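Everything below concerns the one structure shown next.
Fair warning: this is a prediction, and the values are worked out from it, not measured in the lab. In what follows, every chain begins at residue 1, and chains take the letters A, B, ... in the order their sequences are listed.
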Amino acid sequence: MSSELTAALTQLLEPRIVGFLTAGVGLGMLFGALPGLTATMGIALLVPLTFWLPTDQGLAMLLGIYCGAIPAGGIPAILLNVPGTPASIAATWDGYALSQKGRADLALKINVFASLFGQLLGVLFLALAAFPIASLALRMGPAEYFGLGVFGLSLMAGVSGKRVWEGVLAGTLGLALATVGLDPLTAYPRFTFGLPELLDGVAFVPVMIGLFGLGEVLAAISAGVTPFGATTHRSADAPALQRCVGPVLGSSLLGSLIGVFVGAVPAAGGDIAAIIAWDQSRRLSPNREEFGQGSTRGLAAACAAANAVIGGAMTTMMTLGIPGDAPSAVLIGALLIHGVQPGPLMFRDHRTLVWTIVLLLALAALVTASVGLLGSAPLARLARVPAPYLWMAVVLLSITGAYALNNSLTDVWLMFIAGLAGFVLRKLEVPLGPLVLGLILGPMIESNLRRALVLSRGDWSTIFARPLVLVFLVAAAAALFGPVAALRRAQHNRPAALSR
Amino acid sequence: MLAFALPLLIAGRPRPVQWVATQQQARPLIALILALTLYLLLWHWVPFLIRTALLAIVLLRLASVGWRRAIFVGCLTTLALWAGFFLGLHVNFD
C-alpha cells in the first residue's frame with residue numbers, strides 16, 4: 001500500500017495536477033456561489049472537457065469542482081439568504097440571521113472551517129474504510145452484486161420524500177432507459193430502433209447534462225425565478241471566532257459524522273445531511289432557542305454535514321459502484337470515460353488511482369478553504385450576476401459539452417430530450433435521483449442476475465439461499481416498503497386529525 | 001407503460017400542474033424550446049459561429065436584455081466557446 005501511496009503523492013506534486021485542481025476549485029466555487037448553478041451541473045458540463053486530459057488531471061479538475069462548489073454554496077446562503085446549491089439550504093437558517101446581526105465575517109469563517117472539517121473527516125473515512133469495504137466486496141459473486149443493486153435501487157423510495165410513487169416511477173424510467181443497447185450477455189440489440197448510435201446504450205453524460213443543465217434552466221424560466229440581489233450584505237463586526245471555537249468544533253464533528261453516514265447511503269445528498277445535522281445539533285444544544293436566530297452551532301453543523309457527504313458518497317461510489325449522491329453519479333460517468341470502472345475491482349487494478357483520488361480530495365479541501373478565506377467577498381458580488389446571462393451560458397455549455405464528448409449530434413439531441421424530460425419531471429414534482437439510480441444500477445442488476453442464473457444453471461433457489469443476498473433483499477424490502485407504509489399511515493391519520 | 005403512466009400521474013395529482021408561474025413566462029419558455037429545436041435542425045446547414053451567436057442573442061432577447069448588450073455578450077460568449085473547443089480541444093462543430 002505504501003508504494004501506491006508514495007506514487008500517488010509523487011503524482012500529486014506535479015504542477016499540472018495542482019493547476020487543474022486549483023482551476024477546478026475556482027470553477028466549482030463559481031458554480032456554487034451562483035444560485036441556480038449546482039455542483040452536479042458544473043461536473044456534468046465539465047466532464048466532456050476532461051476527456052482530452054490524462055485521467056489524474058481530469059479527475060483533479062472534477063474533484064476540485066465537487067469540493068469547491070459545496071462550501072461556496074454557503075456564501076450566498078449567508079450573505080443573500082439564497083442557497084447557492086441545494087446542500088446549503090440549511091446554512092441560510094442561521095447563516096443569514098448571523099449576517100443580519102452584522103456578523104457576516106464570523107458566519108463566512110465558520111462556513112470555511114466547518115466545511116474544511118467536514119471534507120477532511122470525509123476523506124479520512126474514505127481512506128480508512130474504502131479498502132476494507134472493497135476487499136469485502138471483492139469476495140462477493142454475481143448473486144450478491146444483484147442483491148446489492150436491488151438494495152441500492154430500493155432506496156429510490158426513501159430519497160423521494162413524500163413523493164414515493166413518483167420516485168418509483170422515475171426509477172422505473174431509469175431502468176427502462178438502461179435496457180436500451182446491446183444485451184449484456186448475448187450482444188443482441190434491444191430497443192435501438194435501428195439506430196447504430198444506440199447500440200452502446202443511452203449515453204449517460206448527455207442525459208445528465210440535459211437533466212441537470214438544460215432541464216434546470218427551463219424550470220427556472222417557467223417559474224420566473226429571479227433570486228438575485230434581494231437582500232443587503234452587512235460586513236461583520238470584530239470576529240468572535242475564538243469564543244465559539246468549542247461549540248463550533250463540537251457541532252462540526254456531529255455534522256461531519258451525520259454527513260459521512262448520509263453520504264454513504266446511495267442517492268441521499270448534502271441537502272438531506274445538512275438538514276438532519278442542523279436538527280440533531282438543535283436537539284443536543286443547551287440553547288435550542290438560538291437555532292434559526294443566528295446560532296453558530298447550527299451553521300457549523302449544517303456546513304460540516306453538507307461537506308462531509310463528499311467523503312461518504314465517494315466511498316460508496318468507489319467501493320461498490322453505486323452513487324452516493326448526484327455529483328458522484330456524474331463522476332461515475334467521468335471515470336468510465338477514462339476507462340476506470342468504479343467498484344471493488346478498482347481497488348485491485350487501479351490502487352494508485354484510488355490513493356490519488358483520496359489525496360486529491362484532501363488537497364482540494366485545503367485549496368477550497370484557502371480560496372474561501374480570501375475570496376468570499378468577491379464571490380458574493382458574483383452571485384448578483386443577472387440570471388439571463390447564466391441561463392445562456394448553461395444552455396450553450398450544455399450543447400457544446402454534449403457534442404464534444406463523441407462529436408455526435410445524436411448526443412446533443414439526447415441532451416435536449418433529457419432536458420425536456422427533466423423539465424416535465426420537475427413540474428410533476430418527480431424526483432430525479434431515482435431516475436439516475438435506475439440508469440446506473442439497471443445494467444449492474446441485469447447482468448449480475450443473469451450471470452448468477454447461468455452459474456446456477458437457471459436455478460433461482462440457489463441465488464436466494466445465499467445469506468448475503470437474503471440480507472440485501474430484506475433490507476431492500478424494508479427500504480422500499482417502509483416509506484410506503486409511513487405514507488399510508490400519514491394519509492390514514494390525516495382525516496382523523498382534521499376532524500379533531 | 002410510460003405512455004400510460006405519465007397521463008395517469010398528471011390526472012392523479014391533487015392539484016393541477018402549474019407548467020408556468022404566469023402567462024408571461026410561457027412565451028420565453030416555448031420560444032427557447034423552438035429556438036433550440038431550430039438550432040439542432042440547422043446544425044449541418046449553418047456554421048457554428050453564426051448559429052450559436054444567433055441562439056445566444058435570441059436567448060438574451062427573450063430575457064428582455066437590450067439589443068446592443070445581447071449582440072455583444074452573445075457574440076463574445078460564442079467566440080469564447082469556439083476558441084476553447086475548436087482551437088483548444090480541436091472539436092469541430094460543423
Below 4.5 Å from any heavy atom of chain A, which atoms of [X] appear? Answer side chain, backbone, both or neither.
X	answer
Leu41(B)	both
Arg69(B)	side chain
Leu62(B)	neither
Leu40(B)	both
Thr37(B)	both

Please report the shortest heavy-atom distance between Met392(A) and Gly74(B), naming the atom on each side.
SD-CA, 4.5 Å
To check you understand the geometry: which heavy-atom pair defines the closest contact between Leu29(B) and Ser222(A), and what is its length?
CD2-CB, 4.0 Å
Within-4.5 Å side-chain heavy-atom neighbours: [X] and [Y]:
X	Y	result
Phe93(B)	Asn407(A)	no
Thr77(B)	Tyr389(A)	no
Ile33(B)	Phe416(A)	yes
Leu32(B)	Trp391(A)	no
Thr52(B)	Ile399(A)	no

Using heavy-atom distances under 4.5 Å, tell me whether Leu409(A) contacts chain B through its side chain, its backbone, both, or neither.
side chain
To the nearest 0.5 Å, tell me how far Leu36(B) CG sits from Met415(A) CE.
7.0 Å
